[in-house]
Amino acid sequence: MNRELVRLYPDARCELDFTTPLELLVATILSAQCTDKRVNAVTPELFRRYRTAADYAGAEREELESLIRSTGFFRSKANSIIGLGQALCERHGGEVPSNLDDLVRLPGVGRKTANVVLGNAFDVPGITVDTHFGRLARRFGWTEATDPVKVEDEVAGLFPAKDWTMLSHRMIWHGRRICHARRPACGVCALAHWCPAYGAGPTGEDEARTLVRNGPFS
DNA sequence: ATCCCGAGGG
DNA sequence: CCCTCTGGAT
């Protein structure tokens with residue numbers, strides 16, 4: 001199955017623009033409920049003004065908010081980013097830590113964000129279970145769990161660690177483009193012939209029930 | 001109107 | 001577990 005996804009999306013990758021772990025961390029925080037394209041529209045100016053963790057720690061709130069405003073949730077994101085800068089300076093000498101435990105303790109950094117940074121800035125294999133990954137993993141029959149950590153653990157047992165990061169990208173691409181939450185485009189899905197959720201009865205999951213109710217096409 | 005690659009807080 | 005934070009695309 002991974003083979004099918006590789007064939008489908010050979011060049012899947014992180015679509016956020018960044019050059020350093022700190023930039024990726026900030027971009028990923030900004031990407032919540034926001035397209036990567038919009039994040040990439042604000043980060044050039046943002047990264048020009050704020051280059052180090054100390055820069056974020058000492059940021060003037062109003063200015064930071066205005067720079068990131070169009071990514072949505074700008075007040076809470078600005079809060080997170082300032083707190084992030086402070087925490088990085090206080091606990092990690094201004095550097096971005098490269099392990100999950102330290103990353104997750106940072107303000108505004110949940111497990112999903114932490115895994116994105118590990119996989120894309122540090123080449124540490126990580127399964128990024130966001131809303132897409134979880135939904136597709138359940139439709140594919142890889143897990144029945146809804147808890148992202150359980151999904152992560154169960155899927156980790158199915159694939160070698162070297163594949164985790166790219167698998168995450170491909171799952172997320174497919175989820176965004178084809179295997180939507182509400183009306184999955186099964187009619188144009190190259191995986192439909194293989195997919196347990198295609199044309200199958202209820203699987204006990206909301207999205208699958210919606211699929212069955214609406215029919216696999218359109 | 002409704003949805004979207006989350007995280008924190010009550 | 002549910003709520004909130006927010007803007008932009010469709």
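Chain A is the first sequence line, chain B the second, and so forth, proteins listed ahead of strands; every chain is numbered from 1.
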_Inter-nucleotide P distance (dC1(C), dC5(B)), Å rounded_ = 24 Å
*Starting at atom CG of Asp36(A), determine the distance to atom P of dG8(C), rounded to an integer number of angstrom.*
16 Å
*Check the distance between dT4(C)'s P and Asn79(A)'s CG and give it to me in whole angstrom.*
18 Å
*Ignoring hydrogens and angles, state whether a donor on the side chain of His132(A) or Arg135(A) is under 3.5 Å from an acceptor on the partner side chain.*
yes
*asked:* Taking the P atom in each of dT2(B) and dT6(C), what is the distance between them to the nearest angstrom?
replied: 22 Å
*asked:* With a 4.0 Å limit, can you tell me whether Gln33(A) has a side-chain N or O closer than that to the phosphate oxygens OP1/OP2 of dG6(B)?
replied: yes
*Once you round it to whole Å, what is the distance between P of dA7(B) and CD1 of Ile81(A)?*
13 Å
Under 3.5 Å donor-acceptor pairs involving side-chain atoms of residues 112-128 of chain A, not counting sequence neighbours:
{"residue": "Asn120(A)", "atom": "OD1", "partner": "His169(A)", "partner atom": "NE2", "Å": "3.1"}
{"residue": "Asn120(A)", "atom": "ND2", "partner": "Val116(A)", "partner atom": "O", "Å": "2.8"}

*Flag, side chain of Asn40(A) to backbone of Asp17(A), donor-acceptor distance under 3.5 Å*: yes
*Contact list for DNA chain C against residues 71-78 of chain A - heavy-atom distance below 4.0 Å*: Gly72(A), Phe73(A), Phe74(A), Arg75(A), Ser76(A)
*Under 4.0 Å: is that the gap between some side-chain N or O of Arg69(A) and OP1 or OP2 of dT6(C)?*
no
*Could you pull out the closest heavy-atom pair between Leu24(A) and Cys14(A), with the gap in Å?*
CD1-SG, 4.1 Å
*Please work out which of the three classes, parallel, tilted or perpendicular, describes the rings of Phe140(A) and Trp194(A), given edges at 30° and 60°.*
perpendicular
*Quote, to the nearest angstrom, the C1' distance that separates dG8(B) from dG8(C).*
23 Å
*Starting from P on dG6(B), measure out to CG on Leu84(A) and report it in whole angstrom.*
18 Å
*asked:* What residues from residues 94-121 of chain A pass a heavy-atom cutoff of under 4.0 Å to DNA chain C?
replied: none
_Whole-Å gap separating P (dC5(B)) and CG (Leu25(A))_ = 20 Å
*Consider only side-chain N and O atoms of Glu63(A) and Tyr50(A), and report whether a donor and an acceptor are under 3.5 Å apart.*
yes
*Can a donor-acceptor pair be found between the side chains of Asn2(A) and Arg170(A) at a distance below 3.5 Å?*
no
*Is Asp102(A) salt-bridged to Arg105(A), going by a charged N under 4.0 Å from an acidic O?*
yes
*asked:* Could you report the tightest heavy-atom contact between Leu106(A) and Ala87(A), atom names first, then the distance?
replied: CD1-CB, 4.1 Å
*asked:* Measure NE2/His132(A) against C1'/dC5(B) and give the value in whole Å, please.
replied: 5 Å
*Would you say Arg182(A) reaches dT2(B)'s phosphate, i.e. side-chain N/O to OP1/OP2 under 4.0 Å?*
no
*Have a look at Arg176(A) and say if it touches a base, only the backbone sugar-phosphate, or nothing, with a 4.0 Å heavy-atom cut-off.*
base
_Between Arg69(A) and Glu65(A), does any side-chain N to carboxylate O distance fall below 4.0 Å?_
no
*Specify the separation, in whole Å, of atom CZ of Arg135(A) and atom P of dG6(B).*
10 Å
*Nearest whole angstrom, please: distance from the P of dT6(C) to the CG of Leu30(A).*
14 Å
